[in-house]
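Below: one structure, written as structure tokens.
Every heavy atom of this structure was used, including side-chain atoms; hydrogens, water molecules and symmetry mates were not.
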Amino acid sequence: MYEVVGVRFKKAGKIYYFDPGEFDVRKGDHVIVETARGIEYGQVVIGKKKVSEEDVVLPLKNVIRIAGDNDARQVEENKKAAREAFDICLEKIADHGLEMKLVDVEYTFDRNKIIFYFTADGRVDFRELVKDLAAVFRTRIELRQIGVRDQAKMLGGIGPCGRILCCSTFLGDFEPVSIKMAKDQNLSLNPAKISGLCGRLMCCLKYENDNYESAREELPEIGSEVVTSAGHGQVVGLNILERKVQVDLLELNRVVEFSLEEIAEANAQIE
């Protein structure tokens, strides 16, 4: 077992485990840690806890120190410098005539690297652009191509529901979303109604999918015959959320809605 703290570097970003060492690190504290990108500033979102070896990536990095006021000021200065770097990069992209859209710019805490995030329809030859940027900033340059979902997560916005995008507020990872989930939830398959700002299927289709799948396992299939308290009938519709079945009663020639419990009781009486 390893004692760790969970650190997040961006709002709604992934959580990474670090060894707190001798520091009394608590949830809400800001810390300085060493990552694959270099020295970074993050916030502790999970206090000290024990985890198994399978849940950590070894070797486990240590917390360098608890961040102070000077570190917070450094972060603000980095953000200001990143905004200036954004404008410079836009000019360089235009000079080279590259088909790419700059999304965000980020300095590592120690300013050892600048990361430029961009989107593009295909591969982009940005080697000359990197040379120009390196000559301007005199530090390591990384251009990272991201997808439209990551772009929406970085930029934020208001979703069709009227709330701030889930990906930019609390979703740490993108989970696979399929058109089958929309079908299972009896939603309109109109792309305009089931797509988010990113143009991909809305992440919230995943939220209730497990509930729909478990309900479908309990409910009879459409077209099957069932026995009800009012007689035999054929299933013509399902109310999955309320676990109710719409049955076309053959003898009465009308459709009646029954709960799953009512159908089970009717079958139990026959047995």
Quiz item: Is the cationic atom of Lys11 (NZ for Lys, CZ for Arg) positioned less than 6.0 Å from the six-membered ring centroid of Phe170 and within 45 degrees of its normal?
Solution: no
So if you build clusters from Ile, Leu, Val, Met, Phe, Trp, Tyr with side-chain heavy-atom gaps below 4.5 Å, do [X] and [Y] land together?
X      : Y      : value
Tyr107 : Phe109 : no
Phe18  : Tyr41  : no
Phe86  : Leu98  : yes
Phe174 : Met181 : no
Val105 : Leu90  : yes

Look at [X] together with [Y] and state whether they make a salt bridge at an N to O cut-off of under 4.0 Å.
X      : Y      : value
Arg254 : Asp248 : no
Glu77  : Lys80  : no
Asp24  : Arg26  : yes
Arg37  : Glu106 : yes

Using every non-hydrogen atom in the two residues, find where [X] and [Y] come nearest and quote the distance to one decimal.
X      : Y      : value
Leu201 : Arg149 : O-NH2, 2.9 Å
Ala85  : Phe116 : O-CE2, 3.9 Å
Ile194 : Ala182 : CD1-CB, 4.3 Å
Gly147 : Thr119 : O-CG2, 4.2 Å
Val51  : Val56  : CG2-CG1, 3.4 Å
Ile64  : Val33  : CD1-C, 3.9 Å

Can any side-chain N or O of [X] pair as donor or acceptor with the backbone N or O of [Y] at less than 3.5 Å?
X      : Y      : result
Glu91  : Ile88  : no
Ser168 : Leu165 : yes
Lys10  : Met154 : no
Lys92  : Asp87  : no
Gln145 : Ala120 : yes
Thr108 : Gly38  : no
Ser224 : Pro220 : no
Gln43  : His30  : no

Self-check item: Criterion salt bridge (charged side-chain N to carboxylate O under 4.0 Å, His left out) on Arg73 and Glu76, from CA distance to verdict
Solution: CA-CA 5 Å; Arg73 281 192 290 271; Glu76 292 305 314; over 6 Å; no
How about [X] and [Y]: does a side-chain donor come under 3.5 Å of a side-chain acceptor?
X      : Y      : result
Ser188 : Asn190 : no
Tyr17  : Lys49  : yes
Gln74  : Asn70  : no

Atom pair [atom1] ([X]) and [atom2] ([Y]), whose distance is rounded to the nearest 0.5 Å:
X      : Y      : atom1 : atom2 : answer
Leu171 : Asp173 : CG    : CG    : 8.5 Å
Gln185 : Leu205 : CD    : CG    : 6.0 Å
Ile32  : Phe23  : CD1   : CZ    : 10.5 Å
Gln151 : Asp104 : CD    : CG    : 10.5 Å
Asn239 : Glu257 : CG    : CD    : 5.5 Å
Glu142 : Leu133 : CD    : CG    : 12.5 Å

Quiz item: Where does the angle between the aromatic ring planes of Phe9 and Tyr16 fall among parallel (under 30°), tilted (30 to 60°) and perpendicular (over 60°)?
Solution: tilted
Self-check item: ring pair (Phe, Tyr, Trp, His ring centres under 6.0 Å): pairs with one or both residues in residues 117-155, sequence neighbours excluded
Solution: Phe118-Phe126
Exercise. Show the numbers, then the answer: is there a side-chain contact (heavy atoms from CB on, under 4.5 Å) between Glu99 and Val124?
Key: CA-CA 7 Å; Glu99 294 293 328; Val124 178; 5.7 Å; no
Practice problem: From the options Thr228, Val235, Val226, select the one residue that forms a side chain to side chain contact (heavy atoms under 4.5 Å, CB included) with Phe258. | Solution: Thr228
Exercise. For a side chain to side chain contact (heavy atoms under 4.5 Å, CB included) with Glu208, tell me which candidate from Leu241, Ile240, Asp184 qualifies.
Key: Leu241
Practice problem: Evaluate the criterion side-chain contact (heavy atoms from CB on, under 4.5 Å) for residue pair Val247 and Val256; output intermediate values, then yes/no. | Solution: CA-CA 5 Å; Val247 181; Val256 179; 5.7 Å; no
Other residues, nucleotides, ligands: >12 heavy atoms within 6.0 Å of [X] [atom1]:
X      : atom1 : answer
Arg243 : CZ    : yes
Ile179 : CD1   : yes
Asp69  : CG    : no
Arg111 : CZ    : yes
Glu218 : CD    : yes

When you compare the side chain of [Y] with that of [X], does any pair of heavy atoms fall below 4.5 Å?
X      : Y      : result
Lys48  : Val4   : no
Tyr2   : Ser52  : no
Lys244 : Leu219 : no
Val148 : Arg200 : yes
Glu175 : Cys203 : no
Arg163 : Ile158 : no

Exercise. Applying side-chain contact (heavy atoms from CB on, under 4.5 Å), run through Asp19 and Val63 and close with a yes or a no.
Key: CA-CA 6 Å; Asp19 184 350; Val63 171; over 6 Å; no
Quiz prompt | side-chain contact (heavy atoms from CB on, under 4.5 Å) between Val7 and Glu40, worked out | solution = CA-CA 10 Å; Val7 178; Glu40 291 284 16; over 6 Å; no
